[in-house]
Amino acid sequence: MSVRVRYAPSPTGTPHVGNIRTALFNWLFARNQGGQFIVRIEDTDVERLVSGALEAILESLRWLGLNWDEGPEVGGPCGPYIQSQRLSLYHEHARRLVAEGQAYHCYCSPQRLTAMREEQQRQKRPSGYDRRCRELTPQQRAEYETQGIKSVVRFKAPLDGQTTFSDLIRDEVTFAHSTLDDLVLLKSDGYPTYHLANVVDDHLMGITHVMRAEEWLPSTPRHVLLYDAFGWQPPQFAHLPMILGPDRSKLSKRHGATSLLEYRDQGYLPEAMMNFLALLGWSLDDKTETIDRDMLVQHFSIERVGKPAAIFHADKLLWMNGVYMRQLSPQEWLKRALPFLDRDLPPELPRPLPRDYLAMTVPLVQDRAKTLAEIAGLVDFFLVDELTYEATLLHDKGLDVETSRKALGAALDLVSSVAPFDAETLEAALRPLAEQLGLKTGTLFGILRVATTGRTAAPPLFATMAVLGRERCLKRLETALNHLA
RNA sequence: GGCGCAUUCGUCUAGCGGCCAAGGACACCUCCCUCUCAAGGAGGAGAUCACGGGUUCGAAUCCCGUAUGCGCUACCA
């Protein structure tokens, strides 16, 4: 039987990296096995719906390149893939369990349940539904119904015994039935709970492997019991390690960027993100760090997924992004950078940006950027009309103003006459100047760097000047001289 | 409180009984390259494998207990 896995997010916000890591592992497994990757939207909590969340989920998947075989937008044989459009299915199955005596209507008010729970907690007793409605007589039920009290449908969990299931990552896990209560299957608003909906849908959609975060482990025995109640074969389970914030708590907004799309906006490459996320809880061997998408698909396996939760430390992601950025061809690099340059370069610079001129800067800055968002700060001096910098930088490190002026003046002469205007010729002309002035080359070049780029750290001087061109260089050297006047 | 899962350098991890007085990567430090900054290259520091008991000729690897962390304990997923 062909593998069918699903990513089943609920549209309550924009997905964070941990959530998407789960999607990634499902996708990798499906692609590795030649199976299907299905996306199913679990919008059964009307209260928590966030508008735009669905689009953010799909956009996250698209950005990483996690294409789905069935789901929203593409449809499929088991649709609809949005749970709010499958309500009658859940009702039908809940009714069946009630008719078979495997589930029952519960009329307890939310207030009573809350009070009960609080009391249990106060007494430090195990919490859980006290099963008051489990054995209601037909008369009692009729009574509640005529009073118009809304009910929920609860599953009749076995009172004793235990359930053991096999998890692909954690091996055998056992839960005593005495620790389970009668969970709600159908809410009073007519929507199913996650428990009912995911079991019904996973079965109806032919899901073979349920790969989800570890937080679902405690409810898995209930799901297994539900499969049994329906007479269905449960899928294989694989509970993935969680991803924690640097303080070891569940990843949240407090930890800075957590949503995948934020990383996109910060200039991370999807291929780097995929590589990094894959290594959070999975490894190929004892040394491989960079693995591209195809290799990932080729080598992914559940057996190599680890058990312990992983902390999301973005510093390694930053490094990896740099690796992928440097691997890009200059053309591709520019293409990816352009939208960020449009966004981040000073608005007073005319658009469209001078693409050909920017292309010349690529060899000078490609190795220096770790994210696409940094590029604007690396190339802005190539484009800006007026450089802004502290004039003291022109005679820093104990240099007297007069020497700086002499240096700039001499450079000005050479730059105006040198030909051709390329890096080699410029260097051949300017390097000897240091000795003539009795300066160390580093010192001279430092002055010229500040004058031509406005900064103390920049790409190699002569290559930079060559790209800037004679006009700009002369103008900037003159401006620098004026700063010292 | 109950139940469950987990526990190897700061972080991501390799390790499925002897090849490990524990390997790789990020970050950090030093050096090289060098006009600055990067990139690149070479080194370094960093883990008594949570702790305590077993099992075994032999344990990071198997078992038990303890501790710690995390998760679940909703008419949320």
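Please read all numbers here as calculations on a predicted model, not as lab measurements. Labels below follow one simple rule: chain letters A, B, ... track the order of the sequence lines, proteins then strands, and each chain is numbered from 1.
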Please evaluate the base of B/C3 for a donor-acceptor partner in the side chain of A/T179 within a cut-off of under 3.5 Å? no
Identify whether any heavy atom of [X] sits under 4.0 Å from a base atom; if not, whether one sits that close to sugar-phosphate; answer base, sugar-phosphate or nothing.
{"X": "A/P192", "answer": "sugar-phosphate"}
{"X": "A/K316", "answer": "base"}
{"X": "A/S219", "answer": "nothing"}
{"X": "A/M242", "answer": "sugar-phosphate"}
{"X": "A/K440", "answer": "nothing"}
{"X": "A/G306", "answer": "nothing"}
{"X": "A/S283", "answer": "sugar-phosphate"}

Round to the nearest Å and state the distance from [X] atom [atom1] to [N] atom [atom2].
{"X": "A/L364", "N": "B/C35", "atom1": "CG", "atom2": "P", "answer": "16 Å"}
{"X": "A/R449", "N": "B/U34", "atom1": "CZ", "atom2": "P", "answer": "15 Å"}
{"X": "A/Q121", "N": "B/G1", "atom1": "CD", "atom2": "P", "answer": "12 Å"}
{"X": "A/K250", "N": "B/C72", "atom1": "NZ", "atom2": "C1'", "answer": "9 Å"}
{"X": "A/H313", "N": "B/C26", "atom1": "NE2", "atom2": "C1'", "answer": "11 Å"}
{"X": "A/H177", "N": "B/U73", "atom1": "NE2", "atom2": "C1'", "answer": "17 Å"}
{"X": "A/H255", "N": "B/C70", "atom1": "NE2", "atom2": "P", "answer": "11 Å"}

As its Watson-Crick or G-U partner within any shown strand, both distances under 3.5 Å, B/C3 has B/G71
Return the pairing partner of B/A25 with a 3.5 Å limit on both distances, Watson-Crick or G-U wobble; otherwise return none. B/U11
Parallel, tilted or perpendicular: rings of A/F175 and A/F165 (30°, 60°): parallel
Run the salt-bridge test on A/D202 and A/R40 with the 4.0 Å N-O cut-off and return the result as yes or no. yes
For A/L244 and for A/K307, find the nucleotide of RNA chain B with the closest heavy atom, then tell me which residue's nucleotide is more 5'. A/K307
Upstream residue (5' side of RNA chain B) when A/P460 and A/E42 are each assigned their closest nucleotide: A/P460
Quick check with a 6.0 Å cut-off and a 45 degree axis cone: is A/R154 positioned over the face of A/Y129's six-membered ring? yes
Does A/R21 count as lying over the ring of A/F25, i.e. NZ or CZ under 6.0 Å from the six-ring centre, within 45 degrees of the axis? yes
Under 4.0 Å between a side-chain N or O of A/K287 and OP1 or OP2 of B/C26? no
Above 12 or not: heavy atoms from other molecules or residues under 6.0 Å from CD of A/E435? no
Nearest-angstrom distance, P atom, B/G52 to B/A42: 39 Å
